[in-house]
Engineer: 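Please see the structure below; I have some questions.
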Protein chains: 2
Amino acid sequence: MGTQLRAELTERGIAPDCADTIVVVRDVLARVGDKWTMLIVAALSEGPRRFTTLHASVPGISQRMLGHTLRALVRDGLLTRAAYAEVPPRVEYELTDLGRSLARAVDQLVGWVTQNQDAIVGNRAGFDAEQSTVTRPR
Amino acid sequence: MGTQLRAELTERGIAPDCADTIVVVRDVLARVGDKWTMLIVAALSEGPRRFTTLHASVPGISQRMLGHTLRALVRDGLLTRAAYAEVPPRVEYELTDLGRSLARAVDQLVGWVTQNQDAIVGNRAGFDAEQSTVTRPR
DNA sequence: CGGTATCCTTGAAGATACTG
DNA sequence: CAGTATCTTCAAGGATACCG
């Protein structure tokens, strides 16, 4: 994963461990920037939750994507998955310390967005207005 | 953009302005988490750069993706685009104050990744090792 | 309950060629 | 030089069905 880019970076004379970091940074940013991760982590920030509960709390997510995303988060060690051998079965997901520390780091970025979203949305509107003036003049 | 999710969120009783923030946060995270943005911003952090210079400094990027990504960043007000009417033409891209402040915010996250990438990579390796044990036992 | 398997659609992005 | 246009490929993600 990202091996291709890593190779290209090192080939251009960038130190291998620095290339590693670039790749991992992009990896992590892509994960927290994907369609569902933030919403799942937000739902888990209050405490452990079950699969079905999460499915209900994250609006619009499919079972497939919930399963995939949870698995990826467990793989990275950001979540734990605890399966209890009962009937009916019960599985609980919970943020790990690593997951919580990432959530705090992301919170900084959320803070930035909260402070600057008006500016961004305004810039987009202005840009789009200009463009439509150019493409559809008069 | 993200209007669909916004509607779903508000329908579930989440306050509209809160839903807005969720959507914008995901937007911004998706932007900084995409394949090229980080590398372009890094290249611009030293000062203004021209299209061709950027094309050379970002390994593996196509003209198409460089153009698209730059345009998106300009649209959000994170970059300025200055075109000089010379021959040959010269265009310089530069981080705005907003862009620089985002870069600083992202740096926090980069710091987190730098500190924790060993843990993440280790977790992944451990997880994958377990999985292959399960799927290909003995 | 808590998933996985399968199929299918769509948008993202690469390759290549062309232009003001 | 600084892009855009076109074509194509590919994988993320949705819908649906099924299973331990």
Side-chain angles (χ1 to χ4, degrees), chain A residues 1-5 7-8 26-27 29-40 43-44 48-75 79-94 131 134-135, chain B residues 1-5 7-8 26-27 29-40 43-44 48-75 79-94 131 134-135:
Chain A
M1 160 218 320
T3 314
Q4 194 62 33
L5 174 70
E8 263 184 280
R26 194 155 80 177
D27 249 40
L29 285 173
R31 168 132 321 290
V32 301
D34 82 348
K35 204 168 175 186
W36 302 113
T37 297
M38 287 285 300
L39 295 169
I40 293 174
L44 285 170
R49 292 287 183 275
R50 304 174 60 168
F51 189 90
T52 306
T53 311
L54 287 172
H55 193 224
S57 349
V58 179
I61 196 170
S62 63
Q63 281 192 333
R64 183 181 178 276
M65 286 317 295
L66 181 57
H68 277 262
T69 309
L70 287 172
R71 165 170 278 251
L73 290 169
V74 170
R75 185 173 105 102
L79 260 50
T80 54
R81 176 186 185 278
Y84 301 91
E86 310 168 355
V87 282
R90 180 166 58 98
V91 176
E92 288 195 335
Y93 292 91
E94 187 172 10
Q131 293 308 303
V134 172
T135 31
Chain B
M1 159 217 319
T3 314
Q4 194 63 32
L5 175 69
E8 263 183 282
R26 192 155 81 176
D27 249 38
L29 286 173
R31 169 132 320 290
V32 301
D34 83 349
K35 203 169 176 186
W36 302 114
T37 296
M38 287 285 301
L39 295 169
I40 293 174
L44 285 170
R49 292 288 184 273
R50 304 174 60 169
F51 189 91
T52 306
T53 312
L54 287 171
H55 193 223
S57 350
V58 179
I61 196 171
S62 63
Q63 282 192 331
R64 183 181 177 278
M65 286 318 294
L66 182 57
H68 278 262
T69 308
L70 287 172
R71 164 170 278 250
L73 290 169
V74 170
R75 185 172 105 102
L79 299 184
T80 54
R81 176 186 185 278
Y84 300 92
E86 308 168 355
V87 281
R90 181 165 57 97
V91 176
E92 289 195 335
Y93 292 91
E94 186 172 10
Q131 294 308 304
V134 172
T135 31

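Chain naming here is simple, since letters A, B, ... match the order of the sequence lines and numbering starts at 1 in each. Since the model is a prediction, treat every value here as computed from it, not as a measurement.
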Engineer: Is the closest side-chain heavy-atom distance between B/L70 and B/F51 below 4.5 Å?
Structural biologist: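 Counting from C-beta outward, B/L70 and B/F51 do come under 4.5 Å.
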Engineer: Rounding to an integer number of Å, can you tell me how far B/R49 CZ sits from D/dA2 C1'?
Structural biologist: 17 Å
Engineer: For A/Y84 and D/dG20, give me the distance from atom OH to atom C1', rounded to whole Å.
Structural biologist: 20 Å
Engineer: Rounded to whole angstrom units, what separation is found between the NE2 atom of A/H55 and the C1' atom of D/dG14?
Structural biologist: 11 Å
Engineer: What residues from residues 65-74 of chain A pass a heavy-atom cutoff of under 4.0 Å to DNA chain D?
Structural biologist: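 Per residue number, the list reads A/M65.
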Engineer: With heavy atoms under 4.0 Å as the rule, sort B/R64 into base, sugar-phosphate or nothing.
Structural biologist: base
Engineer: Give the minimum heavy-atom separation between B/D34 and A/R26, together with the two atoms involved.
Structural biologist: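 Of all heavy-atom pairs spanning B/D34 and A/R26, the closest is O-CD, 3.7 Å.
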Engineer: Closest nucleotide of DNA chain C for B/I61 versus for A/R81: which of these residues is on the 5' side?
Structural biologist: A/R81
Engineer: Work out which heavy atom in B/L5 is nearest to a heavy atom in A/P59; give both atom names and the distance.
Structural biologist: CD1-O, 4.3 Å
Engineer: Which is more 5' along DNA chain D, the nucleotide nearest A/Q63 or the one nearest A/D34? Just name the residue.
Structural biologist: A/D34
Engineer: Which heavy-atom pair separates A/H55 from A/Q63 by the least distance, and what is that distance?
Structural biologist: NE2-N, 3.7 Å
Engineer: Check B/R81 against B/V74 and note the closest heavy-atom contact, atom names and distance.
Structural biologist: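 Closest pair (atom of B/R81, atom of B/V74, distance): CB-CG2, 4.2 Å.
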Engineer: Please tell me which of the listed nucleotides, D/dG3, D/dC1, D/dG20, lies nearest to the side chain of A/P89?
Structural biologist: D/dG20
Engineer: Can you give the first and last nucleotides of DNA chain C, 5' to 3', that have an atom under 4.0 Å from a heavy atom of chain A?
Structural biologist: C/dC1 to C/dT6
Engineer: So, for A/G33 and B/L29, which heavy atoms are closest and what is the spacing to 0.1 Å?
Structural biologist: CA-CB, 3.6 Å
Engineer: Per the side chain to side chain contact (heavy atoms under 4.5 Å, CB included) rule, which among B/I61, B/L66, B/L54 passes with B/W36?
Structural biologist: B/I61
Engineer: Determine the minimum heavy-atom distance between B/P48 and B/E92, stating which atoms define it.
Structural biologist: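 Residues B/P48 and B/E92, closest heavy atoms: CB-OE1, 4.1 Å.
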Engineer: Give a yes/no on whether any side-chain N or O of B/T52 is located under 4.0 angstrom from OP1 or OP2 of D/dA2.
Structural biologist: yes
Engineer: Side chains of B/R49 and B/I40: does their closest heavy-atom pair fall under 4.5 Å?
Structural biologist: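 When only atoms from C-beta onward are counted, B/I40 and B/R49 do not touch, as no gap falls below 4.5 Å.
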